[in-house]
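To start, the structure under review is shown below, and the notes come after it.
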Amino acid sequence: MTRLRVGVLISGRGSNLQALIEAAADPGYPAEIATVISNRGDALGLARAAAADIPHQTIADPDRTGFAVAADQVLRGARVELVALAGFMRILDTGFVEAWSGRMINIHPSLLPAFPGLHPQRQALAAGVKFSGCTVHFVRVAVDTGPIVAQAVVPVEDSDDEDRLARRILAAEHRLYPLAVRLFAEGRLRIDGNRVAIAGGVAPEIVALNPAEALTEHLASGGG
Ligand code: GRF
């Protein structure tokens, strides 16, 4: 099996990167992490890449175009077919976004289009929503927009603060991102305007991450 070559862009902790590394550790998984790029030398995710023997580097160029040119070169050199942003906290150069259009995805910790941008968990609590979650979407120039590939829902509890909600959403992210990458790697995603059609229907694993099941699972585990 030829596995899809994924380049992951990070800025920090890299727990979503870790979820992808762990998924790809299964030889039956249709994607592998070919390279990891961080815009910060102190990103914890770089150590995760190192521990998994994945080529990794820091591109700290403060100039947006300079970063884009260097990142593009690394990604092409690594024969990357899909770019996955995983906690990448810089706005990307327009030309870079356009060059990778349809081949670059992001994960965001809210149910987009609700709560784009910074502190989405804080925004969710302020808005008083009863459910939030995470979204994997194709990247377009405007931040946190783009055709949605998959979402996972988690309940918001009365006692939640930002950290607690963020932790619950993060656990869903770690399940959702590898599933979304799998769908891409299997060639099952077709972008049609703002919508993404999934050949063969929505993966049952993604359905299983969503409202009724998520809530049942959450309650069965005693909440939290
Ligand atoms: C995640 O919540 C992700 O959705 C957001 O930034 C956070 C990154 O966390 N874009 P990590 O670096 O993957 O642990």
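We count ligands from 1, going down the list as the structure has it; atoms in each ligand are counted the same way.
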Close side-chain approach of Thr35 to Pro55, heavy-atom, < 4.5 Å: yes
Test item: Arg3 side-chain N/O and Ala24 main-chain N/O as donor-acceptor pair under 3.5 Å: yes
Protein contact to atom 6 (O) of ligand 1 [nearest heavy atom, distance to 0.1 Å]: Gly87 CA, 3.5 Å
Arg122 side chain to Leu118 backbone, donor-acceptor under 3.5 Å: no
Side-chain heavy atoms of Pro109 within contact of Gln121, under 4.5 Å: yes
Atom 2 (O) of ligand 1: the protein heavy-atom neighbour that sits closest, reported with distance to 0.1 Å: Glu173 OE2, 2.9 Å
For atom 9 (O) of ligand 1, the protein heavy atom that lies nearest, with its residue and separation: Arg13 NH2, 2.9 Å
Nearest neighbour in protein (non-hydrogen) for atom 11 (P) of ligand 1: Ser15 N, 3.4 Å
pair Ile10-Phe88: side-chain heavy atoms closer than 4.5 Å: no
Ile107 touching ligand 1 at heavy-atom level, < 4.0 angstrom: yes
Side chain, backbone, both or neither: the part of Met89 lying under 4.0 Å from ligand 1 by heavy atom: neither
Distance from atom 12 (O) of ligand 1 to nearest protein heavy atom, with residue and atom: Gly14 N, 2.8 Å
